[in-house]
Participant: 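Here it is, the structure, as structure tokens.
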Amino acid sequence: MLLFFTLGLLIHFVFFASIFDIYFTSPLVHGMTPQFTPLPPPARRLVLFVADGLRADTLYELDENGTSRAPFIRNIIMHEGSWGISHTRVPTESRPGHVALIAGFYEDVSAVAKGWKENPVEFDSLFNESKYTWSWGSPDILPMFAKGASGDHVYTYSYDAKREDFGAQDATKLDTWVFDNVKDFFRHARNNQSLFSKINEEKIVFFLHLLGIDTNGHAHRPSSRDYKDNIKKVDDGVKEIVSMFNHFYGNDGKTTFIFTSDHGMTDWGSHGAGHPSETLTPLVTWGAGINYPQRVSAQQFDDSFLKEWRLENWKRLDVNQADIAPLMTSLIGVPFPLNSVGILPVDYLNNTDLFKAESMFTNAVQILEQFKVKMTQKKEVTLPFLFTPFKLLSDSKQFNILRKARSYIKHRKFDEVVSLCKELIHLALKGLSYYHTYDRFFLGINVVIGFVGWISYASLLIIKSHSNLIKGVSKEVKKPSHLLPCSFVAIGILVAFFLLIQACPWTYYVYGLLPVPIWYAVLREFQVVQDLVTSLLTYPLSHFVGYLLVFTLGIEVLVLSFFYRYMLTAGLTAFAVWPFLTRLWTRAKVTSLSWAFFSVLLAVFPLMPVVGRKPDIFLVMGAGLLVLLLSLCVVTSLMKRKDSFRKEELLVHLLQVLSTVLSMYVVYSTQSSLLRKQGLPLMNQIISWATLASSLFVPLLSSPAVFQRLFSILLSLMSTYLLLSTGYEAVFPLVLFCLMFVWINIEQETLQQSGVCCKQKLTSIQFSYNTDITQFRQLYLDDIRRAFFLVFFLVTAFFGTGNIASINSFDLASVYCFLTVFSPFMMGALMMWKILIPFVLVMCAFEAVQLTTQLSSKSLFLIVLVISDIMALHFFFLVKDYGSWLDIGTRQLLACTAWLFIYISASPNRLWIPSDPELDLNLLHAIRACISHYVIVMSMTIFLVFLNGLAQLLTTKKLRLCGKPKSHFM
């Protein structure tokens, strides 16, 4: 059995990795020839301002007094330059946004393996193509472009990461630092001949990354005075920098200025998904080569922004974010970034029609080069008779379009050139996507075959070794035939040879050959299939169909709950009704009513707004008071049983109550301090970290009796959870625990009802490492329901108050009791622990369920595995490599986690507990930003292995304040 679980884990890791080879390989190609416009550029230098986290509406709209928050920028729109909205793509994060702006392509999905922090594949950018680039700003953004630049011509100046403090008195200092350092740089250049000569070269770029607006948005929300005042500070700073540039270069008219943002921000202070407040960013351009404002009488857009912003008479020119990169390259005359997919917005250019046509032609050739390289690469590794070219853009059609475009330029038909080049670009982009996904069907079929085979084998193993379903069926032991293994060996050789002659990557061999041994193992159990069919024929058909329909409905509810949280409400409501449809109601009325009450109460949470959007400190205080009230009732009840409640245990409970009171004080005190902009008090920080550290060992001091130990675990974890809460979610673990406690009781009742075992009082049952294996029983049909309950409660624990696949579900304010200075590792770890606390409560309760129902965790695990694998197969077909973190992550993350998380969490082989589980440095992006799917899956996997062992440790280990530890047995 140990070998089976080990092999199963390896197989599931292969299934997990297949997602990335099928959907998340890098689309970037190399080997193209640089392309640049063969005409003199209008500008010698370019200044790029990126106001991180700035929403288009907040910049363009007028305030309550009818005046602009950014008067200088608005003056530019009306009198000097061109403007519009830059439509970003998801994930709306700083790194993907800057890559689109500066490199011209949308986020490489294979960067999920790097947490969106850096690209696993080198790429070209405007900075790399420039002669020199100087940049100032955040240490999180600037290094990624300097790192990939060829040569030593990209210079970065960053402030200390500790300045990124969400509880700081004034986050605008981040932007002030940038403006001041740029001014100091130019003052220094006047006295440095080498530097002076460099900044007077042509084809140079100055990049100012302004993080203050984003920081204030996260800390105070975009509707706050801090966020809006920061916009005014940025506007003043931009005005000063523009004036300085004009003065330094003697108003030579050779400087282009571009002001934009990498992404917007939701009303609740987050970004990463596809809400318009996140995807609509401002774009304002002026200076050399840029069109002057164009007055118009009417404009047609699908929105009403122009009227709201009172800009309906100034022509609005919308672009896609990646289009800004070719715009900048054409303005200063450097080659287009090799991997750019942006389309030059010619309406922004103030130049000759010839320049616009030549620039557009260069843009088309540059994208076509990528298509040709991609096609050649795929053609070289595919058998000639199997290769299917992209028919919409054949070699002859490429030649004809390019020849026609050149002819139009020669005959000065410039509008036709622009139109023709745009057509060629769109065809080339379609072709790039076609060749990028060329092997997707082949790989998907192999993984699906392996998936179905594994589900079949696990099901047969349950029936054969862990149930009585076929025990009474007489069967002959047939001698295995040599034909079966020989056939599968031949199939494996053929598959390997087919992959070898196509020079496929080694991972293709894994995906192609893995189904062979799996299906061999399935067909070896053919006798079990026959016996199963014989056994099922003895059951009434209506019963069989009914059970199958209920099982299918349950699976579909689980699948839908990953997309629609209200499905959890529907499921919990059905749970509430369940006892009244069985004999449980007649045998245990109080337990049934309690089960229904807490199921309905828990069902309310998925209907509430996602955590973080409406913070309310008083709800956190209310949750703390409920914990104190429950503690008082429990301690009073336990004290009445003097024979089983020692003074030592009373002291432990009192310490936990004191910890809860301190947590409530810290939450309230920290909130008040931050509102006054006084930062995080040191004493509060010390208490918070001490509470977190003690929460893992204080429960070990309590009695190993089931109820007392579980209650002690709740008190310890709730103290930490209160510190990490910002609103109604603080009540969630408390309600979940109450339902878990009733679950333990109701499972006892169901076993007693079926006559499997006699009911024992929970006060008489103790957790223990030493469990008599003879007490384990075979699986019954009702155990499928128990396995389903476990999976459903795990899903509810994760998604009850939000959606882990959407970064909009989380709020950095959750960690402000512990730290406010931006720290990816610490913030990510704390917020991940907050997510996992409800999961720990479910796992600890399940330890009790297994103990009280005499159920082997190995047997139950196999059922859980089959359920989760069926869910994963659903998600596999829903995976897509475009869309927001919510769109991509919900499918890809959950396709992996649906079985990978549960596989490990329910694994009966408690072989090890990591003493220091490693969390990826970029884990914060899983919660605050757009974290890589790979990082969150792998990190969660590590944590679930850790938490699985932790659940057993918390329930079975006993420590004493003094004296020798004492072992406890049932």
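Not measured: the values here are computed from a predicted model.
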Participant: Using 0.5 Å steps for rounding, measure from the OG atom of Ser459 to the CD1 atom of Ile870.
Facilitator: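 Result: 6.5 Å between the selected atoms.
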Participant: Might you work through the side chain to side chain contact (heavy atoms under 4.5 Å, CB included) test for Phe575 and Leu572, ending with a clear yes or no?
Facilitator: CA-CA 5 Å; Phe575 284 6; Leu572 289 167; 4.2 Å; yes
Participant: Show your working on side chain to side chain contact (heavy atoms under 4.5 Å, CB included) between Phe737 and Leu710 and close with a plain yes or no.
Facilitator: CA-CA 9 Å; Phe737 170 81; Leu710 290 178; 3.9 Å; yes
Participant: More than 12 foreign heavy atoms under 6.0 Å from OH of Tyr547: is that the case here?
Facilitator: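 Open.
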Participant: I need the minimum non-hydrogen distance between Thr569 and Ala603, along with the two atoms involved.
Facilitator: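 Shortest heavy-atom contact: OG1-O, 2.7 Å.
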Participant: Search all heavy atoms of Leu499 against all heavy atoms of Tyr508 and return the closest pair with its distance.
Facilitator: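 Scanning both residues completely, I find the closest heavy atoms to be CD1-O, 3.5 Å.
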Participant: CD1 of Ile501 to CG of Leu386: how many Å apart, nearest 0.5 Å?
Facilitator: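 So the gap between those two atoms works out to 8.0 Å.
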Participant: Which pair of heavy atoms, one from Ala848 and one from Val706, lies closest together, and at what distance?
Facilitator: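 Closest heavy-atom pair between Ala848 and Val706: CB-CG1, 3.9 Å.
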Participant: Nearest 0.5 Å, what's the OG1-CG distance between Thr956 and Leu851?
Facilitator: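 The OG1 atom of Thr956 sits 10.5 Å away from the CG atom of Leu851.
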Participant: How about Leu841 and Pro733: do any of their side-chain heavy atoms sit closer than 4.5 Å?
Facilitator: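 A side-chain contact under 4.5 Å exists here.
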Participant: Hey, does Leu584 have a side-chain heavy atom less than 4.5 Å from the side chain of Thr591?
Facilitator: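 They are not in side-chain contact.
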Participant: Do Val840 and Trp833 have side chains that get closer than 4.5 Å, going by heavy atoms?
Facilitator: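 Touching, per the 4.5 Å side-chain cut-off.
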Participant: State, to 0.1 Å, how close Glu747 and Thr853 come at their nearest heavy-atom pair, and which atoms those are.
Facilitator: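 That closest heavy-atom pairing would be CB-CG2, 3.9 Å.
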Participant: Apply side chain to side chain contact (heavy atoms under 4.5 Å, CB included) to the pair Tyr520 and Val489, showing each step before the final yes or no.
Facilitator: CA-CA 10 Å; Tyr520 170 68; Val489 169; over 6 Å; no
Participant: Partners of Asp783 by salt bridge (charged side-chain N to carboxylate O under 4.0 Å, His left out), sequence neighbours excluded?
Facilitator: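 Only Arg777, Arg786 meet the salt bridge (charged side-chain N to carboxylate O under 4.0 Å, His left out) criterion with Asp783.
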Participant: Do Tyr438 and Thr382 come within less than 4.5 Å of each other through their side chains, counting heavy atoms only?
Facilitator: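 Yes. Closest side-chain heavy atoms under 4.5 Å.
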Participant: Nearest 0.5 Å, what's the CG-CD distance between Leu461 and Glu525?
Facilitator: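 Here the interatomic distance stands at 7.5 Å.
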Participant: Side chains of Val522 and Trp519: closer than 4.5 Å at any heavy-atom pair?
Facilitator: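 Yes, their side chains come closer than 4.5 Å.
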Participant: Taking the six-membered ring for Trp and the single ring otherwise, decide whether the centroids of Trp595 and Phe789 are under 6.0 Å apart.
Facilitator: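 For Trp595 and Phe789, the ring centres are under 6.0 Å apart.
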Participant: So which heavy atom on Leu558 is nearest to which on Ile867, and how close?
Facilitator: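 Minimum heavy-atom contact is CD1-CG2, 4.1 Å.
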Participant: In Å, rounded to the nearest 0.5 Å, how long is the span from CG of Leu560 to CG of Leu553?
Facilitator: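 Atom-to-atom, Leu560:CG and Leu553:CG are 9.5 Å apart.
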Participant: If you look at every heavy atom in Gln502 and Leu383, which pair is closest and at what distance?
Facilitator: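 Looking at all heavy atoms of both residues, the shortest contact is OE1-N, 3.4 Å.
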Participant: More than 12 foreign heavy atoms under 6.0 Å from OH of Tyr564: is that the case here?
Facilitator: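 No, the 6.0 Å shell around OH holds no more than 12 heavy atoms from other groups.
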Participant: Run the side-chain hydrogen bond (donor to acceptor under 3.5 Å, both in side chains) test against Asn446 and tell me which residues pass, sequence neighbours left out.
Facilitator: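 Partners of Asn446 by the side-chain hydrogen bond (donor to acceptor under 3.5 Å, both in side chains) criterion come out as none, since no residue qualifies.
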Participant: Assess whether side chain to side chain contact (heavy atoms under 4.5 Å, CB included) is satisfied between Thr507 and Tyr511, documenting all intermediate values.
Facilitator: CA-CA 6 Å; Thr507 52; Tyr511 308 139; 3.9 Å; yes
Participant: Would you give the length of the straight line joining atom CZ of Phe488 to atom CG of Leu523, rounded to the nearest 0.5 angstrom?
Facilitator: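 Phe488 atom CZ to Leu523 atom CG measures 4.5 Å (nearest 0.5 Å).
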Participant: Determine whether Phe526 and Leu484 make a side-chain contact, defined as any pair of heavy atoms from C-beta on separated by less than 4.5 Å.
Facilitator: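 With C-beta onward as the side chain, the pair stays apart.
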Participant: Can you label the angle between the Phe605 ring and the Phe732 ring as parallel, tilted or perpendicular, going by 30° and 60°?
Facilitator: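 Rings of Phe605 and Phe732: perpendicular, as their planes differ by over 60°.
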Participant: Determine the interplanar angle of the Trp743 and Phe846 rings, folded into 0 to 90°, and report it as parallel if under 30°, tilted if 30 to 60°, perpendicular if over 60°.
Facilitator: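 Judged by the thresholds at 30° and 60°, the geometry between Trp743 and Phe846 is parallel.
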Participant: How about Phe598 and Phe741: are their ring centres within less than 6.0 Å of each other?
Facilitator: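 So the answer is no for these two rings.
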Participant: Is any side-chain heavy atom of Ile784 less than 4.5 Å from a side-chain heavy atom of Phe788?
Facilitator: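 No; the side chains remain at least 4.5 Å from each other.
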Participant: Below 30° counts as parallel, above 60° as perpendicular, anything between as tilted: where do the rings of Phe580 and Trp585 land?
Facilitator: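 Judged by the thresholds at 30° and 60°, the geometry between Phe580 and Trp585 is tilted.
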